[in-house]
Amino acid sequence: MKKENIILTVLIFTTLFLIFYKIWLSVSIADMAYDYEKIKKEINIQQSLNRKLEAERAFLRSPARLKKMASKFGFRAPKEGEVRVLAK
């Protein structure tokens, strides 16, 4: 083979390699962008759920609700002298 043919062959294979490499990079970037959007959506869903759970927790721990539940089950506030504080 002539030297020019060898150089041409190397250039063709190098060009093909670079073209396939660019295509592979583009596909990889698209996959990462898709994964990023999927994760971002999941984060938004989890944050929304967290806000709902915090609201429910605040409702369940509200003093008015606890007082109503305590009276429903026969509990009352302690009288003076009924509370004992334990030292550490």
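No experiment lies behind these values; they were computed from the predicted model shown. Quick note: residue numbers are just sequence positions, from 1.
For the atom pair CD of Glu54 and CG of Leu49, the computed distance is 10.5 Å after rounding to the nearest 0.5 Å. Atoms CG and NZ, on Asp35 and Lys40 in that order, are 13.5 Å from each other to the nearest 0.5 Å. How far CD1 of Ile19 is from OG1 of Thr14: 11.0 Å, rounded to the nearest 0.5 Å. Atoms CD1 and CG, from Ile12 and Asn5 in turn, are 9.5 Å apart once rounded to the nearest 0.5 Å. Note that OG of Ser28 and CG of Leu25 are 6.0 Å apart. Values are rounded to the nearest 0.5 Å. Note that the CG atom of Asn44 and the CD1 atom of Ile39 stand 12.0 Å from one another [nearest 0.5 Å].
Few gaps surround CD on Glu37; more than 12 heavy atoms of other groups in view lie less than 6.0 Å from it.
Between Met32 and Tyr36 there is no side-chain heavy-atom pair separated by less than 4.5 Å. Using a 4.5 Å heavy-atom threshold, the side chains of Arg51 and Gln47 count as touching.
Each of Thr15, Leu11, Val10, Thr9 was checked for a side chain to side chain contact (heavy atoms under 4.5 Å, CB included) with Phe13, and the lone residue meeting it is Thr9.
Sorted by first and then second residue, the salt bridge (Lys or Arg N to Asp or Glu O under 4.0 Å) pairs involving residues 65-79 (not counting sequence neighbours) are Arg76-Glu82.
Cluster partners of Leu66, using a side-chain heavy-atom cutoff of under 4.5 Å among ILVMFWY residues and allowing indirect links: none.
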